Amino acid sequence: KETKGKEGAVKEIKSRKITQKPPVPFNLGGLQSEAYRYFGYSPSRTLRVAERLYLNALISYPRTGSQQFAATINHKEILSNLARNNLYNKRATTILSKGKLQPTKGKKKDAAHPPIHPTGKKVGNLRSEEKNIYNLIVCRYLAIFGVPAIKESLRLDIDINNHLFYLRGMKVLKKGWLGLYAPYGKVDEVELPDLAVGDSVKLLSIEHIQRYTQPPVRYNPNSLRKKMEKEELGTKATRASIID
């Protein structure tokens, strides 16, 4: 009641830049997480699809825990082959033009198998779910050669009748690896009006919301797989079937 319909002023503007490093290569757990996030595929479904792609020589062995590539992997050859595909030509060519190829690496190692990556072999007819998983694997592989993305976080503090309100915004200043991972890894940008300290702002409406403490969210197939991995229950190859 004290603020509705009244004018206030922008009291302070805070901004900070956020640097987001490129992602690490896919191991089986990472692939299963992203496939659930973007397609809603259960861990076992993702593994089945990945194994079909492996048997068709389109990707490397999927039952791996590694997030680090050995020096023997010929990334230049793989990227050159991917560049022949119109879907990945521009991105693969851009990466190759930089010269030195330095993929990111995570903490997990698997001496037996490298991280999941495309072989670069020509793709034939694939089912819908196979296309989805293959495209996700290729885009992730391209992203690990990218540079950090830079975002800007904004907060505007607005004083209306001695009550403080604020607006939050987010915009991408430099896409970096996000452009290579597209359409995955998309950032929800929130644009704020072009305001400066001292500008007037009118408060048109106020919505009162009452909330109560919520119970913890239920496990889904992916969060259960992550919990099993954390507690070291099962193996990377068996967790999906145990969940089923």
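Residue numbers run from 1 in the order of the sequence given. Remember, predicted model here, so these are calculated numbers, not experimental data.
- The backbone N or O of V172 sits nowhere less than 3.5 Å from a side-chain atom of E152 that would complete a donor-acceptor pair.
- Centroid-to-centroid, the aromatic rings of Y41 and Y36 stay 6.0 Å apart or farther.
- Of all heavy-atom pairs spanning A240 and P43, the tightest one is CB-C, 3.7 Å.
- Under the 4.5 Å side-chain heavy-atom criterion for grouping Ile, Leu, Val, Met, Phe, Trp and Tyr, V187 is not connected to V190 through any hydrophobic cluster.
- For the pair R91 and Y88, the NZ or CZ position fails the cation-pi test of under 6.0 Å to the six-membered ring centre and within 45 degrees of the ring normal.
- Taking the side chain as every heavy atom from C-beta outward, V123 and K121 never approach each other to under 4.5 Å.
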For this session: Begin from the C-alpha positions of Q20 and K151 and carry the test side chain to side chain donor-acceptor pair (under 3.5 Å) through to its verdict.
Result: CA-CA 8 Å; Q20 190 174 3; K151 307 173 188 174; 2.5 Å; yes
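- Going from atom CE of M170 over to atom CD of E189 covers 9.0 Å, rounded to the nearest 0.5 Å.
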Exercise. Would E7 and I160 satisfy side-chain contact (heavy atoms from CB on, under 4.5 Å), going step by step from the backbone distance to the final call?
Worked result: CA-CA 6 Å; E7 284 198 358; I160 302 177; over 6 Å; no
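- A salt bridge does not link K186 to D188: none of the charged side-chain nitrogens sits closer than 4.0 Å to a carboxylate oxygen.
- Shortest non-hydrogen contact noted between D244 and R48 is OD2-NH1, 4.5 Å.
- Separation of atoms CG (N161) and CG (L203) is listed at 10.5 Å; rounding is to 0.5 Å.
- Minimum interatomic distance between G146 and L180 (heavy atoms only, all atoms of both residues): CA-CD1, 3.5 Å.
- Side-chain contact between V24 and I144: absent, with no pair of heavy atoms (C-beta onward) separated by less than 4.5 Å.
- Across all non-hydrogen atoms, the minimal contact from T94 to S97 is O-OG, 2.6 Å.
- L126 is connected to Y54 through a chain of hydrophobic side-chain contacts under 4.5 Å among Ile, Leu, Val, Met, Phe, Trp and Tyr, so both are in one cluster.
- Put simply, CD1 on I13 and CG on D157 are 9.5 Å apart, with the number rounded to the nearest 0.5 Å.
- Under a hydrophobic-cluster definition in which Ile, Leu, Val, Met, Phe, Trp and Tyr are linked whenever side-chain heavy atoms come within less than 4.5 Å, directly or via other members, L204 and L164 are assigned to different clusters.
- The minimum heavy-atom distance between A83 and N89, with the atom names listed, is O-ND2, 2.6 Å.
- Contact annotation: the side chain of F26 never approaches that of P115 to less than 4.5 Å [non-hydrogen atoms, C-beta and beyond].
- No single ILVMFWY cluster, assembled from side-chain heavy atoms under 4.5 Å apart, contains both L47 and I243.
- S33 and R225 form a side-chain donor-acceptor contact under 3.5 Å, judged by distance and modelled atom types alone.
- Two residues are said to be in side-chain contact when any heavy atoms from C-beta on lie closer than 4.5 Å; V197 and E12 fail this criterion.
- With hydrogens and angles disregarded, a donor-acceptor distance shorter than 3.5 Å links the side chain of T119 to the backbone of A57.
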Problem set entry | Test log, rule side-chain contact (heavy atoms from CB on, under 4.5 Å), inputs Y184 and R37 | CA-CA 10 Å; Y184 315 107; R37 177 184 177 188; over 6 Å; no
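- With hydrogens and angles left out, the side-chain atoms of T238 and T235 include a donor and acceptor closer than 3.5 Å.
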Problem set entry | E129 and R45: CA distance, side-chain angles, deciding distance, side-chain contact (heavy atoms from CB on, under 4.5 Å) verdict | CA-CA 9 Å; E129 60 183 6; R45 183 179 182 184; 2.8 Å; yes
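- Although no hydrogens or angles enter the test, the distance criterion places no donor-acceptor pair under 3.5 Å between the side chain of E232 and the main chain of K230.
- Two residues are said to be in side-chain contact when any heavy atoms from C-beta on lie closer than 4.5 Å; I78 and Y141 meet this criterion.
- Put simply, the side chain of S223 never gets that close to the backbone of Y219: no donor and acceptor are under 3.5 Å apart.
- Taking 4.0 Å as the cut-off between side-chain N and carboxylate O, K108 and E229 count as a salt-bridged pair.
- Side-chain atoms of P25 and H117, non-hydrogen and from C-beta on, never get closer than 4.5 Å to each other.
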For this session: For side-chain contact (heavy atoms from CB on, under 4.5 Å), just list the numbers for K21 and T104, CA-CA rounded to whole Å, side-chain angles, deciding distance to a tenth of an Å, and then say yes or no.
Result: CA-CA 9 Å; K21 294 180 180 179; T104 60; over 6 Å; no
For this session: Show the numbers, then the answer: is there a side chain to side chain donor-acceptor pair (under 3.5 Å) between Y38 and N132?
Result: CA-CA 9 Å; Y38 292 111; N132 286 339; over 6 Å; no
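- A heavy-atom distance below 4.5 Å is found between the side chains of R127 and R52.
- Within the 3.5 Å criterion, the main-chain N or O of S241 finds no donor-acceptor partner in the side chain of S44.
- In this structure a side-chain-to-backbone donor-acceptor pair under 3.5 Å is present from T64 to P114.
- The CG atom of L31 lies 8.5 Å from the CG atom of N27; values are rounded to the nearest 0.5 Å.
- The minimum heavy-atom distance linking N81 with G120 is given by the pair CB-O, 3.1 Å.
- One distance of note links CG of L101 with CZ of F69; it measures 11.5 Å at 0.5 Å rounding.
- Between E191 and K171 there is no salt bridge, since no side-chain N of the basic residue sits under 4.0 Å from a carboxylate O of the acidic one.
- Between the side chain of N56 and the backbone N or O of L58, no donor-acceptor pair lies under 3.5 Å.
- The closest side-chain heavy-atom distance from S60 to H113 is not below 4.5 Å.
- Taken from CG in L82 to CD in E77, the straight-line distance is 10.5 Å, to the nearest 0.5 Å.
- Linking ILVMFWY side-chain heavy atoms closer than 4.5 Å, directly or via other members, places F39 and Y181 in a single hydrophobic cluster.
- Screening D159, I158, L167 for a side-chain contact (heavy atoms from CB on, under 4.5 Å) with V201, the sole residue that qualifies is I158.
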